[in-house]
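The structure under discussion appears below in the form of structure tokens.
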Protein chains: 2
Amino acid sequence: MDARKALALWHRVAVESLSHDLAELNQRQTAILLEIYLGEPPHTVRGLARRLAISKPAVTRALHRLEALDYARRKVDESDKRSVLVQRTVKGSVFLRDFADRIGGLAKEAGL
Amino acid sequence: MDARKALALWHRVAVESLSHDLAELNQRQTAILLEIYLGEPPHTVRGLARRLAISKPAVTRALHRLEALDYARRKVDESDKRSVLVQRTVKGSVFLRDFADRIGGLAKEAGL
DNA sequence: GGCTATCATTTCGCCGTCGAAACGACAAGC
DNA sequence: GCTTGTCGTTTCGACGGCGAAATGATAGCC
């Protein structure tokens with residue numbers, strides 16, 4: 001896939017996303033959501049902050065939002081009660097699967 | 001490209017975007033930027049609002065931002081002075097080319 | 001010329017997010 | 001058991017975006 005086609009795909013997805021649930025999430029929240037579901041667990045606040053190169057308060061705020069939407073869940077780490085483990089939810093899994101299908105469809109339309 | 005790979009690509013791009021200029025734009029601003037550069041001209045406020053299914057004031061506000069960053073330019077339509085034509089800039093073209101290259105690179109890494 | 005429609009913008013109050021700093025809870029070292 | 005360090009959260013003031021409604025300018029129609 002060359003850069004031109006990749007950009008065209010990004011265009012389609014960006015426009016499409018405005019009309020769906022993803023419009024409720026900003027860029028950071030989206031990136032965190034994807035990191036939680038596609039990245040290597042376990043996920044902690046500091047870990048997400050480091051991987052995404054953003055501040056810890058920003059991660060905390062984004063998790064508030066994701067938790068309110070039932071896209072993520074918090075659980076204190078029993079082996080270190082200062083740490084918080086960020087976990088996936090069923091609703092989040094379903095949402096991301098649907099989103100993946102939409103992206104895949106757009107990619108197919110774009111001839112990728 | 002199947003849905004799974006498309007989602008993995010989206011993940012990489014979303015994370016990567018946080019560290020670059022695209023982080024300064026929200027989802028609507030990003031979609032409008034891409035529509036201006038990849039969509040069929042001419043672009044007017046009402047046209048963009050219709051294509052992206054958002055309100056005209058939202059388009060106006062987003063254009064303020066894009067203009068401030070020199071990613072877009074306004075020009076009144078001489079044939080209908082109520083209309084505004086949205087035009088591309090050199091800086092925007094360069095920015096999008098660089099961004100396309102980064103996406104393309106990530107796609108290659110992801111084996112697409 | 002006057003009436004109405006259309007285009008884009010501005011205004012209004014409201015809400016969410018921002019970075020930086022302060023904070024409370026827990027852990028680790030001595 | 002104190003001190004120091006780490007983890008996550010909350011607070012603070014400021015800023016920007018939101019939808020809905022009002023506004024100004026231009027066009028079209030009779």
Side-chain angles (χ1 to χ4, degrees), chain A residues 14-15 17-36 39 41-87, chain B residues 14-15 17-36 39 41-87:
Chain A
V15 172
S17 298
L18 291 185
S19 308
H20 291 84
D21 285 343
L22 207 65
E24 296 181 353
L25 301 178
N26 66 23
Q27 311 233 38
R28 288 182 169 180
Q29 291 160 356
T30 300
I32 289 180
L33 180 70
L34 289 166
E35 186 63 33
I36 293 172
H43 300 293
T44 63
V45 172
R46 70 185 177 288
L48 292 170
R50 232 194 55 243
R51 284 209 225 183
L52 307 184
I54 60 181
S55 71
K56 285 195 297 179
V59 174
T60 292
R61 284 187 295 254
L63 288 179
H64 285 162
R65 187 102 174 103
L66 294 178
E67 238 179 355
L69 294 170
D70 194 26
Y71 286 162
R73 200 181 304 137
R74 281 179 171 95
K75 182 169 179 297
V76 290
D77 183 349
E78 283 304 321
S79 71
D80 183 347
K81 294 185 176 175
R82 293 171 303 178
S83 264
V84 165
L85 300 175
V86 182
Q87 305 180 318
Chain B
V15 171
S17 298
L18 292 185
S19 306
H20 291 84
D21 284 345
L22 208 63
E24 296 182 352
L25 302 179
N26 66 23
Q27 311 233 37
R28 288 182 170 182
Q29 291 160 355
T30 300
I32 289 179
L33 180 69
L34 289 166
E35 186 64 32
I36 293 172
H43 300 293
T44 64
V45 173
R46 69 184 179 288
L48 291 170
R50 231 194 55 242
R51 283 208 224 184
L52 306 183
I54 60 181
S55 71
K56 284 195 297 180
V59 174
T60 293
R61 284 187 295 254
L63 288 179
H64 285 161
R65 187 103 175 102
L66 294 178
E67 237 180 355
L69 294 169
D70 194 26
Y71 286 162
R73 199 182 306 135
R74 282 178 170 97
K75 183 169 177 299
V76 291
D77 183 349
E78 283 303 321
S79 72
D80 183 348
K81 294 185 177 176
R82 294 171 304 176
S83 265
V84 166
L85 300 175
V86 182
Q87 304 180 317

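The sequence lines fix the lettering, A, B, ..., with proteins before strands; numbering per chain opens at 1. All values below were derived from every heavy atom in this structure, side-chain atoms included, with hydrogens, water molecules and symmetry-related copies excluded.
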5' to 3' on DNA chain C, which nucleotides open and close the contacts with chain A (atom under 4.0 Å from a heavy atom)?
-> dT17(C) to dA27(C)

Determine yes or no for a side-chain-to-main-chain donor-acceptor pair under 3.5 angstrom, with His43(B) supplying the side chain and Val86(B) the backbone.
-> no

Less than 4.5 Å apart, side chain to side chain, heavy atoms only: is that true for [X] and [Y]?
| X | Y | value |
| --- | --- | --- |
| Gln87(A) | Pro41(A) | no |
| Val84(A) | Asp77(A) | no |
| Leu63(B) | Ile32(B) | yes |
| Val15(B) | Glu35(A) | yes |
| Ile54(A) | Leu48(A) | no |

Rounded to the nearest 0.5 Å, how far does CD of Gln27(A) lie from OG1 of Thr30(B)?
-> 5.0 Å

Mind checking salt bridge (charged side-chain N to carboxylate O under 4.0 Å, His left out) for Arg74(A) and listing every partner two or more places apart, or none if nothing turns up?
->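 Expected list: Glu67(A).
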
Between atom NE2 in His43(A) and atom P in dC7(D), what is the gap in whole Å?
->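 Answer to the nearest Å: 17 Å.
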
Close approaches to DNA chain D from residues 69-83 of chain A, in residue order (heavy atom, under 4.0 Å) =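 The stretch gives Arg74(A), Arg82(A), Ser83(A) as the residues lying under 4.0 Å from the strand, ordered by number.
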
For nucleotides 14-21 of chain D, read 5' to 3', which letter fits each nucleotide if B means a protein heavy atom sits under 4.0 Å from the base, S means only the sugar-phosphate is that close, and - means neither?
-> ---SBB-B

Dot-bracket encoding of pairs in DNA chain D, which uses [ ] for pseudoknotted crossings and | for another strand, Watson-Crick or G-U under 3.5 angstrom = ||||||||||||||||||||||||||||||

Taking it one step at a time, do Val76(A) and Leu85(A) satisfy side-chain contact (heavy atoms from CB on, under 4.5 Å)?
-> CA-CA 6 Å; Val76(A) 290; Leu85(A) 300 175; over 6 Å; no

How would you list all residue pairs meeting ring-ring contact (aromatic ring centres under 6.0 Å, His included) that involve residues 66-86 of chain A, not counting sequence neighbours?
-> Tyr71(A)-Phe95(A)

Would you please test Arg65(B) and Glu24(B) for side-chain contact (heavy atoms from CB on, under 4.5 Å) and show each step?
-> CA-CA 9 Å; Arg65(B) 187 103 175 102; Glu24(B) 296 182 352; 3.9 Å; yes

Qualifying residue for side-chain contact (heavy atoms from CB on, under 4.5 Å) with Lys56(A), from Arg46(A), Arg61(A), Arg50(A) = Arg46(A)

